[in-house]
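Working notes, structure below.
Each chain gets a letter, A, B and so on, in the order the sequences are listed, and its residues count up from 1.
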Amino acid sequence: MTEATSDWRPSALELERRAFRKRQTTRSVLVSLGSTAVVAVVLWIVVAGTPGAQAVRTSFFDLDVAIAAFPAVLEGLWLNLRVLFFAAIGVVIVAVVLAVARTLRGPVFFPLRFLAAAYTDVFRGVPLLIVLYLVGFGLPGLGLFPRMDPAFWGTIAIVLVYSAYVAEVFRAGIEAVHPSQRLAARALGLDHGQTLRRVVLPQAVRKVTPALMNDFVAMQKDVGLISVLGAVDAVRAAQIETAHFYNYTPYVVAGLLFIALAWPTIRLTDWVTGRMRAREQVGSIV
Amino acid sequence: MSDAVDAVRPGRAAEPPVLELQQVRCAFGDHVVLDGIDLAVARHEVVALIGASGSGKSTLLRTANLLEHIDDGRILLTGEDVSDPRVDADRVRARIGAVFQQYNLFPHLNVLDNVTLAMRLVHRVPKGEAERRGRELLATIGLEAKAGAFPDTLSGGQQQRVAIVRAIASEPELLLLDEITSALDPELVGEVLALVRTLKAQGATIVMATHEMPFARDVADRVVFLDGGRIVEEGPAREFFRSPREERTKAFLARVLSG
């Protein structure tokens, strides 16, 4: 921090205040360290004191099994990552189309509005697992499509469900853009589509970025559900390894890998949200 | 009186008014906001709309810009009936510049992009050409250095001047100003009004709703007083303020000028 005038020295009053704030900070750090230690010790005593603690440790936290199962589970996670990549692209495209369809005005667009509303209602209501079964076993059963990998149908099911949620997020963003922005754009002669693309959507996306990233985090772990279709992803691989070693540690390994996958996005979400909040309350300390 | 005003007088074979409202009526439900408005604005003319809040000033400007549907009457832009629903409203709005009370700059675009957006998208001016012209316009208001800045880093007066430049960038035939100084701190009003004076000197055709009576008197060619959705009185600016004829006008002026 630069000080405005070169001959300025903090007054005794200010120095005393600074010293007080410093003592307060030190005290706060000590208190938080102390309380964390207490909580950790209590948790340890409670968990280690349970009658089955030893049995759980050997069947869920066996280091040798973890090391042996790791390559297979990691290989499975690579499939999850690919599914996540294509699903995310699909979700964004479908969700934007749905959100825009729901905000269209005029009687001509009633069927579009109705279909979009029905879609979001249905796919937000049905459990993902049921959509996975219906899409993964039902659609190939029609015999209409060439034989596809289970991961393909899993991706489709995830896109169907998540685009319904994300469409609602986009719609909230579109409606949060102040009508005067639309007015200003139309007054300049931009047509409806140009106004939507160049003025409304860019602002809408900025407003809902934290919510979108949160949905992405949820999707990162839900890609693990494609294992029910038989795709050998991280969860399925862990299941196979568990059966092989007769030990549950591979599931823990898969869980940790999913956390590692989600963690950067989670931190990024918090950072983005914090930055947006900081921008909105410039100059405030509360 | 200027030649421009003479030009609209009947009997002289001259160009049609830039803007002409004929018996325009506009209602929101049971509330009649404009109740049979007749108004003609000649090329290069500056018309000030005055009146209390709710008298219909803003609505009149919005109907002229086809941002509000009218319930009866006609709106002509250089003789063409633009209130006909078969007319492409986007094309009409592209010929009219509008500035609002709250600036309404696009917060996600920098100053230069705000100014050039309509040139590029609506008037299909190539990007380089649009940006050159945008910088030129920003230079005329002393904000060339702010071309890359975002609107929220500008003062209210700067934002409003950018909004005016954005409105005139594609050389509209008509400029509509809706209480453009009402949201500004008093010390920032002057810079915005100075820009309007410059535009008038350059020959712009302007219709402005305003609460700035001294400004209306000095800059407008003609003043139109609205009350309850009707034109109560209109006349050349100086005459209008010196010797208002209608009782309602006198009462309104007494109220705003004493405050």
Side-chain angles (χ1 to χ4, degrees), chain A residues 92 95-96 99-100 103-109 169-213 272-284, chain B residues 58 61-68 88-110 113-125 150-153 159-160 162-178 180 183:
Chain A
V92 167
V96 168
V100 169
T103 55
L104 289 175
R105 300 272 167 269
V108 193
F109 298 114
V169 173
F170 274 131
R171 186 164 74 104
I174 289 172
E175 282 170 6
V177 174
H178 198 271
S180 64
Q181 287 289 310
R182 211 179 293 254
L183 199 72
R186 299 305 296 273
L188 283 169
L190 272 67
D191 63 32
H192 183 271
Q194 289 170 327
T195 302
L196 197 63
R197 278 196 311 280
R198 308 300 291 262
V199 175
V200 175
L201 278 180
Q203 293 186 56
V205 169
R206 279 168 177 76
K207 281 178 200 290
V208 298
T209 300
L212 287 176
M213 291 173 77
V272 169
T273 314
R275 204 185 53 150
M276 286 175 78
R277 197 169 40 225
R279 261 188 90 166
E280 276 163 20
Q281 21 176 269
V282 182
S284 170
Chain B
S58 292
L61 293 177
R62 287 160 68 123
T63 55
N65 208 5
L66 307 187
L67 293 170
E68 213 71 76
D88 179 358
D90 294 322
R91 198 180 53 78
V92 174
R93 292 191 201 103
R95 294 163 60 194
I96 302 174
V99 184
F100 306 90
Q101 188 175 332
Q102 298 290 346
Y103 338 131
N104 299 0
L105 292 179
F106 304 126
H108 61 297
L109 300 179
N110 68 27
D113 287 340
N114 262 282
V115 172
T116 58
L117 187 70
M119 274 195 273
R120 289 184 279 123
L121 292 185
V122 182
H123 302 272
R124 303 285 166 202
V125 179
F150 283 87
D152 63 355
T153 63
Q159 290 191 50
Q160 191 59 297
V162 171
I164 294 173
V165 160
R166 176 176 74 174
I168 62 170
S170 21
E171 295 171 342
E173 297 159 50
L174 173 68
L175 191 56
L176 305 173
L177 310 178
D178 189 3
I180 57 170

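- Listed for the B:H108 side chain is no donor-acceptor partner under 3.5 Å among the backbone atoms of A:L201.
- Heavy-atom pairs under 4.5 Å with chain A were tallied for B:V99, B:N65, B:L67; the largest tally goes to B:L67.
- At a 4.5 Å heavy-atom cutoff, B:L176 makes no contact with chain A through either its backbone or its side chain.
- Between chain A and the residues B:A98, B:A89, B:P107, the most heavy-atom pairs under 4.5 angstrom are made by B:P107.
- No more than 12 heavy atoms of other residues, nucleotides or ligands lie within 6.0 Å of CZ in A:R182, so this atom counts as exposed by the packing criterion.
- Within a 6.0 Å sphere centred on CZ of B:R120, other residues, nucleotides and ligands contribute more than 12 heavy atoms.
- Summarising the geometry of A:A184 relative to B:F100, their closest heavy-atom pair is CA-CE1, 3.8 Å, with the distance given to 0.1 Å.
- With a 4.5 angstrom heavy-atom cutoff, B:F106 touches chain A via backbone and side-chain atoms both.
- Shortest non-hydrogen contact noted between A:L188 and B:V122 is O-CG2, 3.9 Å.
- With a 4.5 Å cut-off on side-chain heavy atoms, A:L183 and B:R62 count as touching.
- The shortest non-hydrogen separation linking A:R186 to B:D90 is NH2-OD1, 3.0 Å.
- The contact between A:R206 and chain B is made entirely by side chain atoms (from C-beta outward), counting heavy-atom distances below 4.5 Å.
- Taken from CG in A:D191 to CG in B:D88, the straight-line distance is 8.5 Å, to the nearest 0.5 Å.
- For the set B:N104, B:L105, B:L117, the entry with the most heavy-atom pairs within less than 4.5 Å of chain A is B:N104.
- Atom CG of B:L121 and atom CZ of A:R198 lie 4.5 Å apart (nearest 0.5 Å).
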